[in-house]
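These notes concern the structure reproduced below.
Every chain is numbered from 1, with letters handed out A, B, ... down the list of sequences.
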Amino acid sequence: MSTIIGLVDCNNFYVSCERVFRPDLEGKPVVILSNNDGCAVARSNEAKALGIGMAEPAFKIRHLVEEAGLIMLSSNYTLYGDMSARVMSVLADHVPAIEVYSIDESFLLLDGMPMTDFTPWARELRETVRRWTGIPVSIGIATTKTLAKMANRLAKKSPKAGGVLDLASHPEWLDRALAQTEVKDLWGVGPAFTAKLTVKGIRNAKQLRDAEDGWIRKNLGNVGLRTVMELRGVAVHDLESEPEPRQSCCVSRSFGEATSSRDDVRDAVVTFAGRAAEKVRRSGLVAGVVQAFIATDRFRHGDPQHSAAVSVKLPSPTDSTPRIIEAALRALGAAWKDGFAYRKAGVILLELVAPGDVPRDLFSPPASPKSTALMGALDATNQRFGRDTLRFGGLIAEDAGWKMHQGNKTPGYTTCWADIPVAKLG
DNA sequence: TCTGGGGTCCTAGGACCC
DNA sequence: TCTGGGGTCCTAGGACCC
């Protein structure tokens, strides 16, 4: 018997999270903006119906606020992360194994479950998630991850599917499902592959499934061939319920305003390096390499452009904030060129490993107990009293130009005592 | 005039994902 | 005026070696 995989995807996830605490947003066009309030990263169905695309720049849709009652909210990732954990824990309670794939998606392993048709069970699971968390989800079921993703998409689109499509129990629906799906909507097919396939006359998933291996391999590589195998029902992507430790950690931001001041960019890099160090400590890892990058505004075609990324190898892997900041500043020094208006910077920590896996080296001593204690105190203080209560690199002006713009953020309903909603009786 | 060939390692960039 | 952030994997090509 072949494996059966479910894919659960939260509908319009960020918007749905906001609606749990703002029922007044129900039925209205709502978008959630990216960091910096730059572009739309989540849209309610009503917003999609207004023609707002994914990653649509905010300034292009602002007129819809007046004209169509569009509501634009800044993103509240603390809220979304917390709601995500709730959804995932409900799912995990109902299946043998789960792979959390992203903040709003999970693959479910359905092998060994006693039903011959998963549809009624999946509809029930959907209701349970909705009742217990307030979040609506769709469920696709098939014999491979790629087909489950496709089934999920069709389940979400079709009004009569009731949020569930089970292609594993109904292989007779497969051909029609494949024929209805454009290649650009498949998992693993992006703009570059779509362009190549279109030239070849391959437009839908059924044509892609039946395409010739040699041509696929030559033009889309082994990566493309794997997608085709999955469309044929050959599972090449296994369910991974034990998450692999992360290999890199990136903290980067576009600035609220461009700046050519070296001190400004330095402040930003120090801040990002500190945040990145905090993240790897939380993961229980240490970094071997620190990279800093800077870039001018790529959308201002008339302006002189410069972008650079420089890596610095640490003498020995570390999670210490001051050592990581120092390396990031050396990298920044090497990447810097005067006379450009910078719009973005970032710090990436690479070669992450568990401290126990670091090869011991005669010349570099292990982390000093003092430094470890200091970092522990730093994290505990900031956890308790708020981000940046303690920080390295001095005070940073609240209104520094490079800081993010976030005009319309909702409260931390589930994670901040002061923001917890109050219920009024009678 | 002729001017190897094959293996490995590393890196940058491309392609994809949400 | 205004265009996100954080990841992974793969591949092509250069450097280097014998």
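- Within 4.0 Å (heavy atoms only), Leu350(A) reaches no atom of the nucleic acid at all.
- Residue contacts shown for Ser248(A) are limited to sugar-phosphate atoms, with no base heavy atom under 4.0 Å away.
- Backbone-only contact: Gln247(A) has heavy atoms under 4.0 Å from sugar-phosphate atoms and none from a base.
- Between Phe107(A) and Trp187(A), the ring-plane angle classifies as tilted under the 30° and 60° cut-offs.
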For side-chain contact (heavy atoms from CB on, under 4.5 Å), just list the numbers for Ile141(A) and Leu167(A), CA-CA rounded to whole Å, side-chain angles, deciding distance to a tenth of an Å, and then say yes or no.
-> CA-CA 6 Å; Ile141(A) 295 170; Leu167(A) 294 175; over 6 Å; no
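- Formation of a donor-acceptor pair under 3.5 Å by the Asp104(A) side chain with backbone atoms of Phe13(A) is not found in this model.
- Asn36(A) and Ser254(A) form no side-chain donor-acceptor contact under 3.5 Å, judged by distance and modelled atom types alone.
- At least one side-chain heavy atom of Ile135(A) sits under 4.5 Å from a side-chain heavy atom of Met83(A).
- If you check every strand for non-hydrogen atoms under 4.0 Å, Lys196(A) touches nothing.
- Looking only at distances, a side-chain donor or acceptor of Ser34(A) sits under 3.5 Å from a matching main-chain atom of Cys39(A).
- No donor-acceptor pair under 3.5 Å is formed between the side chain of Asp297(A) and the backbone N or O of Ala341(A).
- Think of the region where chain A sits on DNA chain B: with heavy atoms and a 4.0 Å cut, that region ends 5' and 3' at dA15(B) to dC18(B).
- Heavy atoms of other residues, nucleotides or ligands lying less than 6.0 angstrom from CH2 of Trp132(A) number 12 at most.
- Taking the six-membered ring for Trp and the full ring otherwise, Trp336(A) and Phe293(A) have centroids separated by 6.0 Å or more.
- Using a 4.0 Å heavy-atom cutoff across all strands shown, Ala58(A) reaches no nucleic acid atom at all.
- Non-hydrogen atoms lying under 4.0 Å from DNA chain C are contributed by Arg298(A), Phe299(A), Arg300(A), all within residues 289-303 of chain A.
- For Asn11(A) and Ser138(A), the side-chain atoms include at least one donor-acceptor pair closer than 3.5 Å.
- Nucleotides of DNA chain C nearest to Arg246(A) and Val223(A) differ in position, and the one nearer the 5' end is that of Arg246(A).
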Pairing string of DNA chain C (Watson-Crick or G-U wobble, both atom distances under 3.5 Å; | = paired to other strand) is ....||||||||||||||
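- Spacing of P atoms, dT3(B) relative to dC18(C), comes out at 24 Å, to the nearest Å.
- At a threshold of 4.0 angstrom between heavy atoms, the contacts of Lys149(A) are confined to the sugar-phosphate backbone, with no base atom among them.
- Asn222(A) and Arg217(A) are linked by a side-chain donor-acceptor pair at a separation below 3.5 angstrom, with hydrogens and angles left out of the test.
- Mapped onto DNA chain C by nearest heavy atom, Asn222(A) and Val251(A) fall at different nucleotides, with Val251(A) at the one closer to the 5' end.
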